[in-house]
K.L.:
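Before I ask anything, here is the structure I am working with.
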Amino acid sequence: MRIQLLAAASVFSLASAIGGAAMAQAEAGPAPATAQSGVLSFTPDFFAALLPNTALEMVERIPGFKLEDGEDLRGFAGAAGNVLIDGVRPASKSDTGSTVLQRTPATRVERIDLIRGGTGGIDMQNYAVVVNVILKPEASREHIVTVEPYLFEGGPEMYRLRYEFSSRANGRQWGVQLGQGVDLDDGTGPGRLTRRRADGGLISDEPMETDFKGGGKYLRGNWAGPVLGGRLELTGSLDEDFWKSSAAFGEAARFRRSDYREDELSGDLGARYERRFANSFKLEARLIQNLEDGESVERSRGFGAEQVFTADYQSGESIARASLRWEGSPKLTLEGGGEVAYNFLDTKQRFTIGGENIPLPSASVKVEEKRGEMFGQAIWRPRSDLVIDGIVRVERSVISQSGDATSEKTFTFVKPRVVATWTPVKNNQFRFRFERELGQLDFDDFAASAALDNDQVFGGNVDLEPEQRWISEFVYERRFWGDGVVSLTLRHDEIIDAIDQIPLPDDLSATGNIGDGVLNRVAINLTLPLERFKVPGGRLVVNTKWDRTEVTDPTTGDKRRISWVEHNRHLVSFTQDLPRWKLTYGVDYIPPFKRVRYRPDETVRMEVVNFLNAYVEYKPKPDLAIRLMVTRWNDFPFERTIYADRFTRQVELVELRQTDPREFVQIRLRKSF
């Protein structure tokens with residue numbers, strides 16, 4: 001960790017020095033608001049060189065901001081993203097911030113506020129930084145048609161089609177979106193599968209081919225308008241999706257193949273009502289309901305007798321939430337409220353070998369969670385350069401399971417969070433966060449599952465509990481050269497009941513709690529405008545992150561990393577706007593990184609090598625955009641070290657799948673009228 005800290009300090013010092021050298025002659029930033037207020041405002045002029053078509057393109061260009069549609073946390077507050085539209089988040093979970101921004105024309109944007117640390121009337125939820133997109137009040141009406149072919153080297157060819165209509169007049173707005181979506185797996189293609197003994201001796205070397213296809217159709221609608229002295233927002237969606245993938249190994253007599261297909265029908269409804277009382281109080285209420293119905297089948301042949309794993313499932317989530325906010329003082333905002341939720345998964349699974357049924361633990365199971373939460377929040381601004389945002393949530397939940405296994409557990413958690421934002425000098429800000437975070441359980445982990453292309457079957461776990469984290473985070477942010485930003489993040493997590501892989505009887509394994517652990521993170525994010533380096537309209541973005549984790553392996557008792565957490569993750573992105581030519585082009589590069597998954601009977605290592613994404617976008621007219629993007633990366637190694645005995649960890653064999661991912665081209669044509 002010392003090397004990473006020194007590297008982070010060196011990069012940060014260099015970027016900070018660049019900003020410091022420019023302080024004496026730095027242009028005024030894009031914000032009419034002062035830095036001490038914690039709000040930076042970006043007007044359409046700031047994005048003029050980009051020639052944006054949508055509000056999404058504008059938000060993605062905010063210096064120092066990364067759009068997030070929500071985390072895998074419990075309830076609405078935990079899953080809400082960091083984008084607000086006219087001060088509020090979308091009415092449902094499925095209607096994410098990026099989805100709303102994508103269908104919002106850039107011409108409707110009056111300004112975009114970057115809010116750091118909190119301000120009156122804005123619910124920051126779990127974020128220290130959010131954007132608030134303020135729309136123009138005047139009437140508008142627009143149709144948008146988008147066509148996006150995805151052309152993979154050697155196939156498949158897939159097409160994303162989308163039609164959107166939006167209308168706004170007299171304080172009311174409504175819209176409809178329908179289309180055909182695409183689900184991608186850009187890590188498939190031809191390759192080779194080799195197996196070696198522990199001493200390195202070759203067991204087999206054979207060709208393999210992986211493939212996929214996925215997508216579906218959807219219909220979404222939204223309406224908002226005045227009701228009973230307040231404002232009501234309604235959203236709804238209906239999606240029909242499918243996914244199929246295959247893996248083939250060997251030739252002729254040694255040919256083996258596995259196929260997987262999943263079909264799902266899902267629907268979502270959301271309602272949000274807001275009303276002000278006596279100018280100082282704001283009531284907000286939300287109702288969210290989503291349901292899913294799906295089935296999947298995985299089958300393999302050539303591995304011996306034919307194996308078939310089938311699953312039929314229904315799941316859903318219901319949330320009711322209400323809060324009352326007092327905004328009667330410029331220095332203090334108070335809010336209190338509560339949330340109730342009900343989640344369920346009802347699944348029936350079956351595994352056969354040669355037509356004979358093989359019993360599995362938790363093959364038929366219904367998991368239910370009933371949860372209630374109360375919270376109180378205060379945003380205090382004791383000085384113009386200091387904001388303290390504190391909240392305490394108290395949650396009580398009951399998780400029950402019925403079917404092949406029966407259990408019921410009751411949990412009570414107190415979840416405090418405090419975020420302090422200090423801006424002692426213009427363009428320099430410090431943020432500190434301390435929070436207890438509770439992870440969302442994946443109900444699929446309660447039931448059995450399979451990966452027949454690896455000849456694996458996994459059991460379910462009736463004893464799974466939510467993972468808890470005590471998070472301490474420090475961020476220093478410095479802005480320079482108008483829209484240049486550099487930030488340093490230091491984070492430490494104390495993890496309780498970490499979720500990873502555990503051993504089960506009969507040589508099975510499952511997802512479960514493995515005890516306590518830690519995570520330490522150093523991250524640097526840099527946005528560097530390149531005008532001063534003779535690259536007009538150019539921008540360089542560098543995001544770096546170093547993570548160190550530690551838990552105790554439940555099988556061996558040894559210390560190790562948490563499964564599937566990247567040791568290092570970096571991104572380098574360059575873009576340049578050429579308004580004279582009505583062009584924008586860019587390149588994204590992700591250096592190699594690795595993931596490791598530790599299971600009782602094997603260790604899996606996956607590496608992504610030199611991911612490269614290049615694009616160019618031409619906008620000949622304000623209502624027309626044409627985009628071409630090419631994606632490629634080097635071989636995708638996937639290595640499994642399989643143990644003869646899970647306790648001695650004696651290596652039986654090492655299997656390496658070396659895939660040559662298919663390059664693909666994406667073309668996007670967007671026309672509005």
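Since the structure is predicted, the reported quantities are computational estimates derived from the model, not experimental observations.
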K.L.:
Tell me the closest heavy-atom pair linking Asn520 and His492, and the distance in Å.
P.N.:
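Closest approach of Asn520 to His492, heavy atoms only: OD1-ND1, 2.6 Å.
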K.L.:
Where the side chain of Asp385 meets the backbone of Pro424, is there a donor-acceptor pair that is under 3.5 Å apart?
P.N.:
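The answer is no, because no donor-acceptor pair under 3.5 Å joins these two groups.
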K.L.:
Would you say the side chain of Leu50 lies within less than 4.5 Å of the side chain of Thr584, judging by non-hydrogen atoms?
P.N.:
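Yes - at least one pair of side-chain heavy atoms lies under 4.5 Å apart.
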K.L.:
Could you give the distance from CG (Leu628) to CD (Glu617), rounded to the nearest 0.5 Å?
P.N.:
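Leu628 atom CG to Glu617 atom CD measures 10.5 Å (nearest 0.5 Å).
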K.L.:
How far does CZ of Phe42 sit from CG of Asp113, to the nearest 0.5 angstrom?
P.N.:
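The CZ atom of Phe42 sits 9.5 Å away from the CG atom of Asp113.
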K.L.:
Considering all heavy atoms of both residues, which atom of Pro226 and which atom of Gly171 are nearest to each other, and what is their separation?
P.N.:
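Closest approach of Pro226 to Gly171: CD-O, 3.7 Å.
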K.L.:
To the nearest 0.5 Å, tell me how far Leu488 CG sits from Phe430 CZ.
P.N.:
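The CZ atom of Phe430 is 10.5 Å from CG of Leu488, to the nearest 0.5 Å.
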K.L.:
Assess whether atom NZ of Lys331 is packed by more than 12 heavy atoms of other residues, nucleotides or ligands within 6.0 Å.
P.N.:
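Count not over threshold, so no.
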K.L.:
Evaluate the side-chain proximity of Lys282 to Glu335: yes if any heavy-atom separation is below 4.5 Å, no if none is.
P.N.:
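Glu335 does not reach Lys282 side chain to side chain.
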K.L.:
Do Asn525 and Glu477 meet the criterion of a side-chain donor-acceptor pair at a distance under 3.5 Å?
P.N.:
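No, no side-chain donor-acceptor pair sits under 3.5 Å.
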K.L.:
Side chain to side chain donor-acceptor pair (under 3.5 Å), that's the test. Do Gln177 and Asn222 meet it? Break it down for me.
P.N.:
CA-CA 9 Å; Gln177 306 88 45; Asn222 60 280; 3.1 Å; yes
K.L.:
Taking all atoms of both residues into account, what is the closest heavy-atom pair of Gly229 and Arg275, and its distance?
P.N.:
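Closest heavy-atom pair between Gly229 and Arg275: O-CG, 3.6 Å.
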K.L.:
Would you please classify the geometry between the Phe152 ring and the Phe664 ring as parallel, tilted or perpendicular, with 30° and 60° separating the classes?
P.N.:
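Phe664 and Phe152: parallel rings.
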K.L.:
Mind checking whether Val418 and Asp389 have side chains closer than 4.5 Å, heavy atoms only?
P.N.:
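With C-beta onward as the side chain, the pair stays apart.
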K.L.:
For a side chain to side chain contact (heavy atoms under 4.5 Å, CB included) check, start with the C-alpha distance between Leu324 and Phe281, then their side-chain angles and the critical distance, and finish with the verdict.
P.N.:
CA-CA 7 Å; Leu324 182 64; Phe281 292 92; 4.2 Å; yes
K.L.:
Hey, does the side chain of Arg160 reach the backbone of Val182 with a donor-acceptor pair shorter than 3.5 angstrom?
P.N.:
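Yes: the side chain of Arg160 pairs with the backbone of Val182.
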K.L.:
Give a yes or no on this: more than 12 heavy atoms of other residues, nucleotides or ligands lie within 6.0 Å of atom CH2 of Trp380.
P.N.:
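No - once you tally the heavy atoms of other residues, nucleotides and ligands closer than 6.0 Å, there are 12 at most.
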K.L.:
Check Pro63 against Arg479 and note the closest heavy-atom contact, atom names and distance.
P.N.:
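Shortest heavy-atom separation between Pro63 and Arg479 comes out as O-NH2, 3.1 Å.
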K.L.:
Checking side chain to side chain contact (heavy atoms under 4.5 Å, CB included) for the pair Arg433/Val475: CA distance, chi angles, key distance, verdict?
P.N.:
CA-CA 9 Å; Arg433 173 170 70 111; Val475 180; over 6 Å; no
K.L.:
Can you find a heavy atom in the side chain of Leu51 that is under 4.5 Å from one in the side chain of Pro622?
P.N.:
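Counting from C-beta outward, Leu51 and Pro622 never come under 4.5 Å.
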K.L.:
Please walk me through it: do Arg61 and Arg539 pass side chain to side chain contact (heavy atoms under 4.5 Å, CB included)?
P.N.:
CA-CA 10 Å; Arg61 280 297 184 92; Arg539 187 177 76 151; 3.4 Å; yes
K.L.:
Between Asn53 and Glu57, which heavy-atom pair has the shortest distance, and what is it?
P.N.:
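Looking at all heavy atoms of both residues, the closest pair is N-OE2, 3.1 Å.
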K.L.:
Is the closest side-chain donor-acceptor distance between Thr333 and Arg381 under 3.5 Å?
P.N.:
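There is such a pair between these side chains.
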K.L.:
Where the side chain of Lys671 meets the backbone of Val147, is there a donor-acceptor pair that is under 3.5 Å apart?
P.N.:
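Answer holds: no.
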K.L.:
Quick one, Phe375 and Arg321 - any side-chain contact, counting heavy atoms below 4.5 Å?
P.N.:
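Phe375 vs Arg321: side chains touch.
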K.L.:
How long is the span from the CD1 atom in Ile115 to the CG atom in Asn82, to the nearest 0.5 Å?
P.N.:
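Going from CD1 on Ile115 over to CG on Asn82, the span is 11.0 Å.
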K.L.:
Can you tell me how far apart CG (Leu234) and CG (Leu232) are? Round to the nearest 0.5 Å.
P.N.:
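Those atoms lie 4.0 Å apart.
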K.L.:
For residues Phe593 and Asn568, determine if any side-chain heavy atom of one lies less than 4.5 Å from a side-chain heavy atom of the other.
P.N.:
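Side chain of Phe593 against side chain of Asn568, heavy atoms only: no contact under 4.5 Å found.
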K.L.:
Could you please spell out the steps behind the side chain to side chain contact (heavy atoms under 4.5 Å, CB included) verdict for Val542 and Thr544?
P.N.:
CA-CA 6 Å; Val542 180; Thr544 65; 3.8 Å; yes
K.L.:
Hey, are the side chains of Phe611 and Asp588 touching, using non-hydrogen atoms and a 4.5 Å cut-off?
P.N.:
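Result no, sub-4.5 Å side-chain heavy-atom pair not found.
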K.L.:
For Trp223, does the CH2 atom have more than 12 heavy-atom neighbours from other residues, nucleotides or ligands under 6.0 Å away?
P.N.:
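Above 12, so yes.
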K.L.:
Do any N or O atoms from the side chain of Asp623 and from the backbone of Phe673 form a donor-acceptor pair under 3.5 angstrom?
P.N.:
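Looks like no, no N/O pair under 3.5 Å.
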K.L.:
So, Lys582 side chain and Pro620 main chain: donor-acceptor pair closer than 3.5 Å or not?
P.N.:
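Looks like yes, one N/O pair under 3.5 Å.
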K.L.:
Given Glu233, which partner from the list Arg172, Arg272, Arg286 fulfils the salt bridge (Lys or Arg N to Asp or Glu O under 4.0 Å) test?
P.N.:
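Among the candidates, only Arg272 passes.
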K.L.:
Please say whether the positively charged group of Arg220, taken as NZ for Lys or CZ for Arg, lies over the ring of Tyr218, i.e. under 6.0 angstrom from the six-membered ring centre and within 45 degrees of the axis.
P.N.:
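So Arg220 does make the cation-pi contact.
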K.L.:
Does the side chain of Gln666 come under 3.5 Å of the side chain of Arg668 through a donor N or O and an acceptor N or O?
P.N.:
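No pair is found: no donor N or O on one side chain lies under 3.5 Å from an acceptor on the other.
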K.L.:
Could you pull out the closest heavy-atom pair between Asp483 and Thr527, with the gap in Å?
P.N.:
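In terms of heavy atoms, the two residues are closest at O-CG2, 3.9 Å.
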K.L.:
Could you tell me which residues satisfy ring-ring contact (aromatic ring centres under 6.0 Å, His included) with Phe165, sequence neighbours excluded, listed by chain and number?
P.N.:
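ring-ring contact (aromatic ring centres under 6.0 Å, His included) list for Phe165, sorted by chain: His143, Trp174.
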K.L.:
Got a second to check how far Asp577's CG is from Phe47's CZ, nearest 0.5 Å?
P.N.:
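Separation between the atoms: 11.5 Å.
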K.L.:
Between Arg231 and Asp86, is there a side-chain heavy-atom distance shorter than 4.5 Å?
P.N.:
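SC-SC contact between Asp86 and Arg231 ruled out.
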K.L.:
Can a donor-acceptor pair be found, under 3.5 Å and without considering hydrogens, that links the side chain of Gln180 to the backbone of Gly215?
P.N.:
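No.
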K.L.:
Ion pair present between Glu274 and Arg325, side-chain N to carboxylate O less than 4.0 angstrom?
P.N.:
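No, no charged N to carboxylate O under 4.0 Å.
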